[in-house]
Each structure stands twice: as C-alpha cells, then as structure tokens.
Amino acid sequence: MHAELPLPDPQALAHSDTLAAHIRAEIAAAGGSVPFSRFMELCLYAPGFGYYSAGSTKFGAAGDFVTAPEQGRLFAATVAGVLAMALQSLGPQSRVLEVGGGSGAFAEVALKRLLQLDALPDRYAILEPSADLRERQREHLARALPPTVFELVEWLDRPFDDEWDGVLFANEVVDALPTPRFAVRGGEVFEEHVAMDAEGRFILVDQPADALLTAAVRHVERTIGAPLPEDYRSELLPQLPYWVQAVAGGLRSGAMLFLDYGYPRREYYLPQRADGTLRAFYRQRMHEDVLRWPGLQDLTASVDFTALAEAGTGAGFDLAGYCSQASFLLGNGIDRLLAEAEERTDEAGALRLRQELKRLTLPEQMGERFQAMAFTRDVDLDAAFLLGDLSWRL
C-alpha cells in the first residue's frame, strides 16, 4: 500500500513530523493514549499544522480529492436554485451560511446564480476555521464576483450568534467531523484510541468506552434490530446532534441542506462492513493507513444519514427530504442548466459539460454514493425532493 503512495517532499515530511511530535506529547500527557477522534481532530485541524489548517492544496486535480463544486459549474448552479426557493420565501433580510467553503468555487457560482434569480441574500457568510483557506476563498471571490456581490460575503470563526432567517449549506462537511471509533467484543463496547509503540510509532488500541459512546452504540443496535457482531468496528458520532444545533445557531426560519457520502443506518452497519468506513485521501489516492503522515492527508468517514436525520429533527426542524445526489440534481434542473450552458460554448466545451454531468450523476461516480438531505422550518422545500425520495430507508 505504501509503495503506491507518492512520497511527500522533505518540507512536507518535516511539517508532518512536527505535528506528529505534538500528538506524541499529548498522548504522553494523557497517560499513554488519546481517543481516535482526538487524533483525527489534531491531524485535520491543529492550528498551523492540521490538514485543513495548513497551506497545501486540498481541492481539485492538484490536491488530494475533488469535491462536486470543483467538477465545474453545474453542481453549484443547481443547488443555488434550491437555495433560491427558500431565500425568496424568507424575504430580503435572509442569509446564507456555507459551512466549510472549500476553494470558494461553490460560493462564486451560487452567488452568480442567485443574482440571476433575483434571490441574493442580505449576507453570505462562510464558516471557515482555516485561516489559509479563508484567504484563498477571499482572493478567489474578490476576482470572480462583481464588487456589489462580493460585498455580501463575510467570513466567520463561529456560527451566527444572533437569531437569523435563511439557509445553511454544507457539502462534504459532516464526513470530516472528528469521529470516535468503537469496537464490540464480548458484548462490551470499547473505544479505539491511538497510542505509541516502543519506537514511538502510532498504533491503535482499545479502551473501555464511556457512557455516551456505549449508549450511542446500543441505540444503533436497537435501530437495526440486532446486536453488532463480535469484533465489529466502525464509526459513530454521538456529538452530531450537538454539532447540528451549534452550527444552526439561532436559525429561526429557513432550511439546512447537507450533501455528503454515506448510507442510511441499516446499510452503514451491515455485517460485511465490519471495519467501518474510515479512510485517508492523499494525492487522489484512497487508502486505509489513517495513522500515516499526520497533517498531510485527509481523514474521512461516511455519514450515517439516519443519525443526521435524528439530529436535524431533534433540533426542531422538519425533514424535507432525503435522496441520492443524482436524484437531487436531476430533480432540480441540472439537465436544463446543461442545455443552457451547451448553447454558450463550443463542441469541446459541451463535451466537458456532459462529462461533468456524468461524474455528478452516474451511480458508479458520485450519483449514488453521495446523498442530499434537507431540513426546514417555516419554509417549503418538498419540491426539491420529488424525484427519488429515500426517506423511507431511514
């Protein structure tokens, strides 16, 4: 596996070694191990050194993975049409909160589309913890947007702390939340920790789980109607309800829209998925050595969409719908946007657009692996899920 991964350059390795030393010091201070969720948090978000906090390229062909907004303009333009339905019904003081702005590609296309639809929000905020990504987004949007539209954009360190009306949008965000890992052995629940061997290399060990994680695992077993098999390992986010409530903040009326990859609970915890869904991404390669090169690779786990539905409704919102990304995009007019875009380009451009549509919607690409889920309060987004609603699978 390691031989297939390109070796980082010396500067990147030195960066990773610095973060690894910090993690080792925290492990020692904690008595010999830290929960895997803490290891993942440090690898991704440690100030100045975590994967999302440092300066390397993450998104697009030059990075480690390609998100839907990086594929082209069709994804963001289609999603913006759904956001517009909510914004127009909420009035001129409505806001958009984008969680995790990536390269800024989504915000650029979405704002231009909202301008065309006469549905611009009063404020477009990007909740972005990475100072490096924030600056890249700012530079990109300053170049790409008309000045009057760019003036609507702001960056936040934390969710809105006042009451607000509008739309929260998060694409490939929940999969990057630091997740606990659990194991079931002898009928008991254990939590996966990261420790060190005699040479200081990171290793995985099990510790008895606390009451919160144990209760969450038992809730999963009740939902699927069977105990998890012996030696079963997977991920579980007992903190997801608290995260949803925190990120929504004082959202009074509006919608929350999430797109990510994952499964409903009964499919997530299938017996054949006995080692969970955790994986690493490095230079467009997916692999399973999540302890390798801290800070240089993305760590991610699939989303339990049943858990997300529980979290959203538990926060006082209605479940508007749940479907595959393909159904969501096709049901909200991506084919019409494709036809319009093809009229404005040459044959080579039209071919690129059709390839983009295929990557976004074909089952073997992103179409089925990625799914959409929305929650509403005092607005109606049911029409956005008329094609292929899968709520019955939750």
Side-chain angles (χ1 to χ4, degrees), residues 1-8 12-13 15-17 19-20 23-24 27 33-46 49-52 54 56 58-59 63-67 172-185 189-197 199-207 209 213 217 220 228-237 260-263 265 267-304 364-366 368-370:
M1 181 194 304
H2 295 168
E4 299 173 0
L5 297 176
L7 190 68
L13 284 174
H15 175 103
S16 180
D17 288 344
L19 177 56
I23 296 173
R24 290 189 184 97
I27 289 173
S33 72
V34 296
F36 177 80
S37 57
R38 177 58 178 166
F39 175 84
M40 183 174 176
E41 180 181 4
L42 291 169
C43 286
L44 297 183
Y45 303 109
F49 289 95
Y51 180 78
Y52 286 107
S56 62
K58 284 87 176 168
F59 308 98
D64 298 302
F65 53 89
V66 181
T67 63
E172 290 195 55
V173 172
V174 179
D175 67 86
L177 295 179
T179 180
R181 290 259 300 170
F182 71 87
V184 176
R185 297 206 318 270
V189 180
F190 293 82
E191 182 171 7
E192 202 167 81
H193 280 228
V194 177
M196 296 179 291
D197 65 11
E199 283 75 41
R201 292 172 298 202
F202 295 125
I203 58 173
L204 296 172
V205 298
D206 291 338
Q207 302 284 0
L213 183 59
V217 172
V220 165
L228 292 166
E230 179 72 7
D231 293 327
Y232 193 92
R233 291 180 181 272
S234 193
E235 306 81 33
L236 200 155
L237 279 169
D260 224 311
Y261 46 84
Y263 316 91
R265 180 169 292 152
E267 297 176 21
Y268 196 110
Y269 297 105
L270 286 171
Q272 59 264 38
R273 199 167 282 122
D275 197 35
T277 69
L278 184 73
R279 62 270 205 197
F281 284 89
Y282 180 75
R283 306 274 182 86
Q284 309 292 332
R285 294 166 173 84
M286 182 179 73
H287 66 97
E288 297 178 356
D289 191 353
V290 296
L291 302 180
R292 190 171 176 83
W293 299 331
L296 301 187
Q297 58 184 10
D298 187 28
L299 304 180
T300 179
S302 296
V303 176
D304 174 356
E364 64 272 19
Q365 300 275 337
M366 304 176 76
E368 298 296 328
R369 292 188 299 111
F370 285 74

Given Ile27 and Phe202, is the side-chain contact (heavy atoms from CB on, under 4.5 Å) satisfied, shown in steps?
CA-CA 10 Å; Ile27 289 173; Phe202 295 125; 3.8 Å; yes
Could you list the residues that satisfy side-chain contact (heavy atoms from CB on, under 4.5 Å) with [X], not counting sequence neighbours?
X      : answer
Val173 : Val99, Ala170, Trp243
Glu230 : Arg185
Ile203 : Ala195, Asp197, Val205
Ala12  : Pro8, Asp9, Leu296

So, using ring pair (Phe, Tyr, Trp, His ring centres under 6.0 Å) as the criterion, who are the partners of Phe49 when residues are at least two apart?
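For Phe49 the ring pair (Phe, Tyr, Trp, His ring centres under 6.0 Å) partners, ignoring immediate neighbours, are His15.
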Going by side-chain hydrogen bond (donor to acceptor under 3.5 Å, both in side chains), name the residues that satisfy it together with [X], two or more places apart in sequence or in a different chain.
X      : result
Gln365 : none
Thr300 : Asp175, Tyr261
Tyr269 : none
Asp231 : none

For [X], enumerate each residue passing the salt bridge (Lys or Arg N to Asp or Glu O under 4.0 Å) test, keeping only those at least two apart in sequence or located in another chain.
X      : result
Glu199 : Arg201
Asp17  : none
Glu41  : Arg38

Taking the inter-plane angle between the rings of Tyr263 and Tyr268 on a 0 to 90° scale, is it parallel (under 30°), tilted (30 to 60°) or perpendicular (over 60°)?
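Tyr263 vs Tyr268 ring planes: perpendicular.
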Please identify which of these residues, Leu213, Val217, Leu236, meets the side-chain contact (heavy atoms from CB on, under 4.5 Å) condition with Pro180.
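Considering Leu213, Val217, Leu236, a side-chain contact (heavy atoms from CB on, under 4.5 Å) with Pro180 is found only for Leu213.
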